[in-house]
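To start, the structure itself, in structure tokens.
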Amino acid sequence: MKKIFFIKIITTYFLLLSSAVATQANYFEEGIKLYENNKFEESKIFFEREIVFNPEHEKSYLYLAKIFNENKNDEEQEINLNNVLLLNPQNDEAIYMLTLLKIKQSDYKKAKELIDQFILICEAFCSKENEMQKKFMKLTPENAEVKN
């Protein structure tokens, strides 16, 4: 009798545990669905939940950066882009977004460093290199050199 009761408790525990894991696994996907429907505040919650369960989920940080970009919150956008680059220094989309942010902030030195880094590792966003260079050149004061 005790054996059956113990087996039932263990089975219930594993069912609840697997249910919790399955729910957690859907946070990122649910966030993507909401993001694609321009429901940024709702999607932000799901990306943050994903990070709670998986702090090294770089795509969640990237989508949070995109949300903060939409909300014009440069500080939070930069924090999340830096988190992406800490987890994956070769994430070309994050480098691209951070470069545009640094150009917007008139941080010419950092923008130039990021452009150089982007050129070395670009994969999916290589077509954006010319766009970045043009924006950088428009903001660079004439006759001024960018110190490397």
Side-chain angles (χ1 to χ4, degrees), residues 9-148:
I9 289 176
I10 296 295
T11 305
T12 304
Y13 172 77
F14 283 116
L15 286 173
L16 291 173
L17 181 64
S18 66
S19 174
V21 169
T23 301
Q24 181 267 324
N26 292 326
Y27 287 148
F28 181 74
E29 288 84 15
E30 188 63 33
I32 292 290
K33 289 177 192 174
L34 291 167
Y35 179 85
E36 289 173 349
N37 290 319
N38 296 324
K39 296 181 179 178
F40 301 124
E41 286 305 310
E42 291 102 348
S43 67
K44 183 174 109 175
I45 293 168
F46 284 95
F47 295 129
E48 289 171 343
R49 285 181 185 168
E50 177 65 31
I51 290 169
V52 167
F53 287 102
N54 184 3
E56 295 182 3
H57 196 261
E58 75 179 87
K59 289 184 179 182
S60 291
Y61 288 109
L62 185 63
Y63 275 93
L64 284 173
K66 290 178 181 186
I67 290 168
F68 289 119
N69 181 43
E70 289 289 328
N71 294 335
K72 311 249 185 285
N73 185 338
D74 294 347
E75 185 178 330
E76 289 294 326
Q77 179 187 1
E78 185 172 355
I79 289 168
N80 283 285
L81 289 172
N82 285 327
N83 286 335
V84 173
L85 294 174
L86 280 173
L87 294 169
N88 180 4
Q90 296 190 2
N91 186 310
D92 53 352
E93 187 174 6
I95 294 171
Y96 169 74
M97 289 177 65
L98 188 57
T99 302
L100 294 182
L101 181 61
K102 290 300 176 182
I103 289 171
K104 178 181 172 185
Q105 296 171 343
S106 299
D107 186 346
Y108 304 113
K109 183 178 180 182
K110 185 65 177 175
K112 181 64 175 150
E113 289 172 10
L114 288 165
I115 289 171
D116 293 342
Q117 182 181 357
F118 181 83
I119 292 168
L120 292 175
I121 59 102
C122 72
E123 292 176 10
F125 279 80
C126 284
S127 62
K128 301 286 187 178
E129 179 187 342
N130 288 335
E131 175 189 339
M132 249 187 337
Q133 292 282 9
K134 287 178 185 176
K135 287 183 180 186
F136 180 74
M137 295 309 291
K138 285 181 183 177
L139 292 175
T140 305
E142 292 182 14
N143 301 324
E145 286 188 33
V146 176
K147 297 179 183 175
N148 291 329

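Numbers here are sequence positions counted from 1. In this text the structure is predicted, and so the values were computed from the model without any measurement. Values below: every heavy atom of this structure, side chains too, minus hydrogens, waters and symmetry copies.
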Taken in chain and number order and not counting sequence neighbours, the residues that satisfy side-chain contact (heavy atoms from CB on, under 4.5 Å) with N69 are Q77
P55 to L87 - nearest heavy-atom pair and separation: O-CD1, 4.1 Å
Interatomic distance, NE2@H57 vs CG@N83, rounded to 0.5 Å, equals 14.0 Å
Once you round to the nearest 0.5 Å, how far does CZ of F46 lie from CG of N26? 9.5 Å
Got a second to check how far E30's CD is from L34's CG, nearest 0.5 Å? 5.0 Å
Determine which pairs satisfy side chain to side chain donor-acceptor pair (under 3.5 Å) with at least one residue from residues 34-43, sequence neighbours left out, and list them in order. E41-N71
With rounding to the nearest 0.5 angstrom, report the CD1 to OH distance, I115 to Y96. 11.0 Å
Output, in order, the C-alpha distance, side-chain angles, deciding distance and verdict of side-chain contact (heavy atoms from CB on, under 4.5 Å) for D116 and E113. CA-CA 5 Å; D116 293 342; E113 289 172 10; 5.8 Å; no
Answer yes or no: is there a side-chain heavy-atom contact under 4.5 Å between E76 and I67? no
Just jot down the side-chain contact (heavy atoms from CB on, under 4.5 Å) partners of E78, sequence neighbours excluded, or say none. N82, L98, L101, K102, Q105
Quick one: salt bridge (charged side-chain N to carboxylate O under 4.0 Å, His left out) pairs with a partner in residues 58-70, sequence neighbours left out? K66-E93
For F47, enumerate each residue passing the ring-ring contact (aromatic ring centres under 6.0 Å, His included) test, keeping only those at least two apart in sequence or located in another chain. F28, Y63
Nearest heavy atoms of T99 and I95, plus distance in Å: OG1-O, 2.7 Å
Test ring-ring contact (aromatic ring centres under 6.0 Å, His included) applied to F68 - qualifying residues, sequence neighbours left out: none
Minimum heavy-atom separation for E50 and S60, please, with both atom names. CG-OG, 3.2 Å
CZ on F118 to CD on Q90, rounded to 0.5 Å: 12.5 Å
Straight-line distance of L81 CG to M97 CE, nearest 0.5 Å: 5.0 Å
Other residues, nucleotides and ligands only: do more than 12 of their heavy atoms fall within 6.0 Å of NZ on K33? no
